[in-house]
Amino acid sequence: MDTAARRRLSACLLVLQMFHGQAQEDRGGGRACIPGFQVKNYQLDYSGAFRKDRALAQLAFDDCAGNEDVAFLVSHADFAVDENLRLVVRQDVPYGGPVTMAVHAAGSRADDVAAVEVKGRPPLFTPTQDVLRPPQVPGSRAKRSLLVPPMMVTENQRGPFPRVIGRAHVMSLEQQGKQTFHLTGPGADQDPQGLFSIAAETGVVSVSRSLDREASDSYQLEVSTSDLGGARVEGPAVLLVTVIDQNDNRPIFSDRRYSGEVLEGSPTGTTVMTMTAHDADDPLTDNAALRYSIARQSPDKPSANMFYIDPERGDIVTVISPSLLDRETLPTTTYQLEIVAKDLAGSEVGLTGTATATITITDHNDHAPEFTHPLFEAQLEEGSVGVVVNLTVDDRDDPATGGWRAVYSIVSGDPRQSFSISTNPDNNEGMLAVVKPLDYEASAFHSLLVWVQNEEPLQGGGPSGSSSTATVQVALLDVNEGPRFSPDPLMVSRMEDLPVGSLVASLTATDPDLLQRQSIRYAVLRDPAGWLAVHPVRGTVNTTTALDRESPHVRNNQYTAVFIATDNGSPPATGTGSLVVHLGDVNDQAPSVFPATVRVCEAAREVGLVEGRDRDLDPNAGPFRIELGAAAGLQDTWEVSRVNATHSQILMLQPLKSANYRVPLLITDSGDPALSSSTELRVQVCVCRKSRMICSSASSLRARLLLLAAATLLSWTGL
């Protein structure tokens, strides 16, 4: 407390002492007794430890009836009021001031509160001395200015109301009846209106109803005096009314249920969680000083005190040893604690609040997976794939963690990597599967060494104890396999002019079932052009018709046929193989001219380029020789000029009228022997005007001449 505040408090204390003296004078003079504390505030100096039964102050209280049924309650648990109205220390306390407390006196005729502040060094007094007796002032009293002491009201007071809580000012006898008191401010003439009132003549302040400190812990009002004409004489002076707390609020946890986790094997003293409750009472008093405790643990095995809660901080820590905090041996992995928070620093009369703390013992990987059997066996038919056996393991760790989930590996026995192992997420089993078909004739028996460990490393275990191994023996069952062609495909080259019935190839298929004596028969499965036949026993393939490299069934000079081989097993098995015949070219295709029609203007000389084409390959195709046909008179009108090995230029030697003309051409390839073909090039001579080309629709000049001859003949006959 700073110096100014101390001075104000001392002044208030002096006024209270004056009140007390005035009250004594009033009682001596026959004036009415005012029940309650005659001194409302006590300020003591004290240092060092508080010793049991030590008296700190003599309290001044009078219910105006001998104080027979008055009970005193001190807000601080270390202090009490004895039968001589002394404030004494109840028990040794290893500390000295400052301490602030309220003393509540309640009886059938009086109910009042006084405030006590202990600070500094101890006073010198005897138990019978009134330590706060006001000093005697000799002579006549000086005129006093308006000095209003602070007042205190205990919350939740019972009626009847109004109740006197103090006197605002002591007025001299000559002033009485000449001035009136006025009280203003929140709680008087402002909201909440009517809580406090002041007697106009005496300055006695009263409270009209019960107060709630949690709604408002203090009220600041103003006291003033006025003369009979209403003019202000003194004030306003501040009146501070403090609401003294009662322990009327229980501790409340923010949640009814709390959850925490602790890892199994954790050291003793490991913090699990923190419980926090709140009390709406005055935090500067024991009314809100909370202490935590564990009322019940469920289940209570292996110990009823597996956990401890710090009474002041609310931290829940483990008490059980790490070896006993074993998730796999505990009766349950979840414990429930009933937590109690009690105010009044845990006093027997303190109010309580409860909550439930659920603590889960979480798992770490302290158990390695172990195969349930050292040997697993399986059988399957050769050539099949898929899961052949499920490998089972035991693991005592939590199935929801990586310390339980298993990882499998094949250590040895699988050089061709024909097997794989995956983990079933539902039951942690290892699913051993064949991923590459196995051959009975190559190996009828497979022995695998498999290994299992957890996803997470083992805690506190060496390499030898972190995993487990087992042997898996897989036996193959022999099945009738189909014959296999070799090679497949079989590649041969033949000329396309191969005579019918000629040998094309000899197929070879063998039976992989070496332990079975079986015969094989051949047949054609797919022959797109129908050119081939196969001997059913020997497997020789012959032509049944001429081969044609230019056939649409030939792609990139290759013809493909598919054959089937069938054994005589039970049931019979089949296999297929392909024969690819590369066809050599012979000059069996005559060349042709492209395009078949060209258009040209009447005045043009160059008709256009024509191209020689041949379905044969070199050297049976170009270079081509293109020349005019043998018709008479062609050389006078047309000319063929070679441009390169494949193209020639057609020239018009004299202008021709618009008509359609056919020019006979002869084209010859370069094969040995060479092939030739005769064709006609259609030349349309058109009338050209600017960007337009008008061509005759007549089919040819020859057709026009025939029509002219027919007309002349009709005129001769007179028809």
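What you are looking at is a predicted structure, and each value in this text was computed from that prediction instead of being measured.
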Judged by modelled atom types alone, do [X] and [Y] share a side-chain donor-acceptor pair under 3.5 Å?
X: Ser226; Y: His182; answer: yes
X: Thr318; Y: Ser266; answer: no
X: Thr274; Y: Asp315; answer: yes
X: Asp279; Y: Asn287; answer: no
X: Ser108; Y: Asp69; answer: yes
X: Asn249; Y: Glu214; answer: yes
X: Thr360; Y: Thr362; answer: no
X: Asp78; Y: Gln91; answer: yes

For [X] versus [Y], what's the shortest heavy-atom pair and its separation?
X: Thr202; Y: Phe181; value: C-CE1, 3.7 Å
X: Trp404; Y: Asp395; value: CD1-O, 3.4 Å
X: Pro299; Y: Thr334; value: CD-O, 4.0 Å
X: Arg232; Y: Ser224; value: NE-CB, 4.2 Å
X: Ala355; Y: Met275; value: CB-CE, 4.0 Å

**OP:** Would you please name every residue forming a ring-ring contact (aromatic ring centres under 6.0 Å, His included) with Tyr335, sequence neighbours left out?
**Re:** none

Subject >> For Tyr292, all residues meeting ring-ring contact (aromatic ring centres under 6.0 Å, His included), sequence neighbours excluded >> reply: none

Without swapping roles, check the side chain of [X] against the backbone of [Y] for a donor-acceptor pair under 3.5 Å.
X: Glu264; Y: Arg327; value: yes
X: Ser293; Y: Ala295; value: no
X: Ser347; Y: Leu344; value: no

Any ion pair linking [Y] and [X] (charged N to carboxylate O, less than 4.0 Å)?
X: Asp255; Y: Arg257; result: no
X: Glu328; Y: Arg396; result: no
X: Arg213; Y: Asp245; result: yes
X: Asp111; Y: Arg158; result: no

Any [X] side-chain heavy atom under 4.5 Å of [Y] side chain:
X: Asp248; Y: Asp281; answer: yes
X: Asn428; Y: Thr423; answer: yes
X: Val103; Y: Tyr42; answer: no
X: His76; Y: Val116; answer: no
X: Asp310; Y: Val317; answer: no
X: Met151; Y: Val205; answer: yes
X: Met273; Y: Ile359; answer: yes
X: Thr356; Y: Glu338; answer: no

**OP:** Flag yes if more than 12 heavy atoms outside Arg109 fall under 6.0 Å of its CZ atom; otherwise flag no.
**Re:**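 Check fails, neighbour count at 12 or below.
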
Subject >> Exceeds 12 heavy-atom contacts within 6.0 angstrom, atom CD of Gln190 >> reply: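 Enclosed: over 12 neighbouring heavy atoms sit under 6.0 Å from CD of Gln190.
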
Original post:
Quick one: CG on Leu195 to OH on Tyr219, what's the gap to the nearest 0.5 Å?
Top reply: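 Those atoms lie 5.0 Å apart.
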
